[in-house]
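Just so you know, ligand 1 is whichever comes first in the structure, and atom 1 is the first atom listed for that ligand.
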Amino acid sequence: MSRFTDHSICLRRHDYSETSQVLTLFGRRYGKQSAMAKGVKRGTKSRFACGVDLLEEGECVLSSPRSGAGLAALMEWKQSNIHAALRRRIETLNAALYAVETTAALTEEADPHPKLFDSLAMLLNELSDRTDCLASLAMFQIVALEEAGLIPRFDLCRGCSRQVSGGEPAYFSSTEGGLVCRDCEAALIEKRRLPQEGRLAVEKRSFPSPEASLAAFDVLNYHIETVLGRPMRLGKMIRPATDRNSTTKEYRNARI
Ligand SMILES: [Zn+2]
């Protein structure tokens with residue numbers, strides 16, 4: 001049985017018994033690892049233990065399963081950052097939870113993505129200082145999609161390869177992998193309108209206004225949900241409260 005150490009962020013946690021947890025950890029060196037943390041919630045008379053929390057960052061020692069399949073065992077966990085500031089506002093907490101959900105959904109077990117790890121760690125650090133979380137979150141979606149090899153292209157129409165000017169209606173198709181012009185969209189079932197500000201924000205990796213950040217987040221979230229074939233659990237919690245119903249409607253319409 002081999003042991004290895006990693007710097008990790010907790011993406012998921014489930015209680016397994018009164019004293020144990022099953023964790024999904026995302027490590028900088030070794031990628032996503034599912035691990036059994038036996039006795040991690042067992043306290044002593046002088047020490048209360050609640051296990052490893054979601055979003056928590058720390059140094060772990062993991063032991064690989066003997067057969068090469070199944071869960072690793074968490075041998076040690078040394079907490080380095082609990083990101084407590086994220087929990088002061090529901091907007092930042094939801095944005096952070098959306099980011100770990102995206103990371104878990106778009107990565108495979110034991111497939112390292114140090115760039116994505118750094119982007120997630122940076123996001124968790126900077127979210128708590130921001131009033132507008134959407135620009136940071138949209139940038140994180142871009143890195144996660146790039147790392148998964150799923151980043152959409154907005155430079156040319158994916159159907160006919162022609163330039164689509166900013167003045168004409170543009171569409172986005174997840175299955176086509178990006179921008180679709182008005183001549184090509186009629187033949188497609190899976191598509192949605194692509195607002196100009198969202199297109200520019202994703203293309204230029206620049207978010208000049210809250211509206212641009214929201215439009216970019218929306219189209220990237222739609223893409224992630226279509227690729228996964230299911231809604232993101234936190235997806236509809238990210239928008240401002242007044243917009244949430246319209247997002248759900250838009251999502252449903254896009255799938256009809
Ligand atoms: Zn076209």
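Under the rule for a side-chain contact (heavy atoms from CB on, under 4.5 Å), the partners of A110 that lie at least two apart in sequence or sit in another chain are Q33.
Take the Zn ion (ligand 1) and draw a sphere of radius 2.8 Å; the protein N/O/S atoms inside it number 4.
Each of L62 and Y16 belongs to its own hydrophobic cluster when Ile, Leu, Val, Met, Phe, Trp and Tyr are linked at side-chain heavy-atom distances under 4.5 angstrom. Residues L74 and I82 do not share a hydrophobic cluster, defined by chaining ILVMFWY side chains whose heavy atoms lie under 4.5 Å apart.
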H113 and F26: CA distance, side-chain angles, deciding distance, ring pair (Phe, Tyr, Trp, His ring centres under 6.0 Å) verdict: CA-CA 9 Å; H113 288 281; F26 186 52; 7.2 Å; no
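Aromatic rings of F217 and F140 (six-membered ring for Trp) have centroids beyond the 6.0 Å cut-off, not under it.
Considering every non-hydrogen atom in both P169 and V164, the closest pair reads O-CG1, 4.3 Å.
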